[in-house]
Amino acid sequence: MTETPTASPLFGTLAVIGPGLIGSSILRRAQRDGTIARELVACDIDPAVRQRVTELGIADRVEADPLRAAADADCVILCVPVGAIATVGAQILPVMKPGAILSEVGSTKQSIINAIAPALRPDIPFVPTHPMAGTEYSGPDAGFATLFDDRWCLLTPLEDTDPAATALVETMWHRLGARTRIMDPAHHDRVCAIVSHLPHLLAFTICGTADDLADETRSEVLDFAASGFRDFTRIAASDPVMWRDIFLNNREALLEMLARFMEDAQAMARAIRWGDEDFIVDRIERGRHIRRSLLENRQA
């Protein structure tokens, strides 16, 4: 769904706290689109990040203090690491004006909702979101205006979240280029554990295994790496602090999916050991089918 370029701005002021890959991409698209907010505010505690955002010119105002950024905003989006979302949210909620919307873009949901719950206000709708888009790069230079085009953004509003606020945030993501789906937070965490968190865990582990090999073998791995291994290294280049927080904040769902994967890997190992050709071909065909489905769904 794409909004018309003549649509009225959804917000007077949109504040993005943490203008990294996701945050700076939101700012770039909102700036280009012109129908999301009349004023764009970026906030970061790092002076180097603030300077770079100013140089890039992707915000109308750049703040160091989250309270100053949030005080006059009609919508605040927390784009900080998962482990910091509840802390920053609790910090700014007391100064937000009644009726303003608080949102975030974390990759886990139950841990964030549980942690921020004591600080929530009945007059500030909280609409958690998760844009399923990204690259291995981070920082304000990593963002680009088309990052969310045709990608999914999952919304996990609370039971008592004002439906009008959820609809407004959903419209914002449509204007940012995304497709949207509303999802239960617990279901979100299980889905993301298998489609995102487990693949990253495996990529980090495989690259660690390669790095632990004997020096001469490791050199050959780096010299002759095929496309499969290169794909893992691209994933493994992701921000370590961000992924540490994701793993720890979605540990139950991630450990469940890891256990299921290990069972399936052991089954494949048995098939290879005993020459079970039918089992091996079946697993490969299932992988090919998933790949075709991703292509048909425009997610590859």
Side-chain angles (χ1 to χ4, degrees), residues 1-45 49-50 52-80 85 88-89 91-93 95-106 121 123-131 133 140-149 151 153-155 157 161-180:
M1 176 178 176
T2 302
E3 300 288 330
T4 60
T6 57
S8 300
L10 298 173
F11 306 109
T13 299
L14 172 68
V16 172
I17 300 180
L21 169 65
I22 299 297
S24 69
S25 293
I26 292 172
L27 291 168
R28 284 176 167 88
R29 182 57 171 257
Q31 187 179 65
R32 190 189 81 176
D33 180 84
T35 69
I36 292 171
R38 294 184 182 88
E39 181 187 35
L40 299 173
V41 179
C43 176
D44 202 280
I45 60 173
V49 172
R50 295 197 303 272
R52 188 58 185 147
V53 170
T54 301
E55 292 169 351
L56 292 169
I58 56 176
D60 300 303
R61 180 157 52 96
V62 181
E63 297 284 358
D65 183 357
L67 276 68
R68 285 179 57 87
D72 297 322
D74 300 290
C75 180
V76 178
I77 307 178
L78 303 176
C79 302
V80 297
I85 288 174
V88 178
Q91 181 184 4
I92 67 171
L93 273 162
V95 306
M96 291 180 65
K97 60 186 183 183
I101 296 173
L102 177 64
S103 189
E104 52 83 25
V105 295
R121 289 168 43 183
D123 59 343
I124 301 291
F126 179 47
V127 187
T129 71
H130 178 198
D141 284 285
F144 51 98
T146 57
L147 176 64
F148 310 113
D149 282 357
R151 298 300 177 185
C153 181
L154 308 180
L155 284 71
T161 299
D162 182 358
T166 300
L168 197 57
V169 172
E170 188 170 26
T171 299
M172 177 188 71
W173 279 103
H174 291 163
R175 294 187 185 185
L176 289 169
R179 293 188 275 174
T180 58

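Ile92 has its side chain within reach of Leu78: a pair of non-hydrogen atoms, C-beta onward, lies under 4.5 Å apart. Counting heavy atoms from C-beta outward, Val16 and Val41 have side chains that stay 4.5 Å or more apart. Counting heavy atoms from C-beta outward, Asp33 and Gln31 have side chains that stay 4.5 Å or more apart. At a threshold of 4.5 Å between non-hydrogen side-chain atoms, the residues Leu168 and Leu10 count as touching. The shortest side-chain heavy-atom distance between Glu39 and Phe11 does not fall under the 4.5 Å cut-off. Using a 4.5 Å cut-off on side-chain heavy atoms (C-beta onward), Arg38 and Thr13 make no contact. Inter-residue side-chain proximity for Ile124 and Ile101 is flagged as unmet; no heavy-atom pair is nearer than 4.5 Å. You'll find the side chain of Pro19 reaches within 4.5 Å of the side chain of Leu27, heavy atoms only.
One N or O on the side chain of Arg50 and one on the backbone of Ile45 form a donor-acceptor pair closer than 3.5 Å. No donor-acceptor pair under 3.5 Å is formed between the side chain of Arg29 and the backbone N or O of Ser24. Formation of a donor-acceptor pair under 3.5 Å by the Asp74 side chain with backbone atoms of Ala100 is not found in this model. Ser25 places no side-chain N or O within 3.5 Å of a backbone atom of Leu147 that could act as its donor or acceptor partner. In this structure a side-chain-to-backbone donor-acceptor pair under 3.5 Å is present from Thr161 to Phe126. At least one donor-acceptor pair under 3.5 Å links the side chain of Ser103 to the backbone N or O of Val127. Checking side-chain atoms of Arg175 against main-chain N and O of Thr35 turns up a donor-acceptor pair under 3.5 Å. Of the possible donor and acceptor atoms, one in the side chain of Arg121 sits under 3.5 Å from a partner among the backbone N and O of Leu93. In this structure a side-chain-to-backbone donor-acceptor pair under 3.5 Å is present from Asp60 to Leu40.
A pairwise comparison of heavy atoms in Phe144 and Arg28 identifies CA-CD, 3.7 Å as the closest pair. Taking every heavy atom of both residues into account, Glu104 and Ile85 meet most closely at OE1-CD1, 3.5 Å. Ala133 and Ile22 get closest at one heavy-atom pair: O-CD1, 3.6 Å. For Trp173 against Ile26, the heavy-atom pair with the smallest separation is CH2-CD1, 4.0 Å. Here the shortest heavy-atom pairing between Gly18 and Val80 reads CA-CG1, 4.3 Å. Nearest approach of Val53 to Ala42, heavy atoms of both residues: CG1-CB, 3.9 Å.
Rounded to the nearest 0.5 angstrom, Ile77 CD1 and Cys43 SG are separated by 13.5 Å. Note: Asp65 CG to Gln91 CD = 7.0 Å, rounded to the nearest 0.5 Å. Between the CZ atom of Arg151 and the OG1 atom of Thr180 there is a distance of 15.5 Å, given to the nearest 0.5 Å.
More than 12 heavy atoms of other residues, nucleotides or ligands shown are found within 6.0 angstrom of CZ on Arg61.
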(message) Walk me through whether Val88 and Ile17 qualify under side-chain contact (heavy atoms from CB on, under 4.5 Å).
(response) CA-CA 9 Å; Val88 178; Ile17 300 180; 4.2 Å; yes
(request) Apply side-chain contact (heavy atoms from CB on, under 4.5 Å) to the pair Arg32 and Thr146, showing each step before the final yes or no. (result) CA-CA 10 Å; Arg32 190 189 81 176; Thr146 57; 3.7 Å; yes
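For the side-chain hydrogen bond (donor to acceptor under 3.5 Å, both in side chains) test, no residue two or more places apart in sequence or in another chain qualifies with Asp72.
Pro157 pairs with exactly one of Asp162, Thr166, Thr129 by the side chain to side chain contact (heavy atoms under 4.5 Å, CB included) rule, that one being Thr166.
Applying the salt bridge (Lys or Arg N to Asp or Glu O under 4.0 Å) rule to pairs touching residues 8-18 yields nothing, sequence neighbours excluded.
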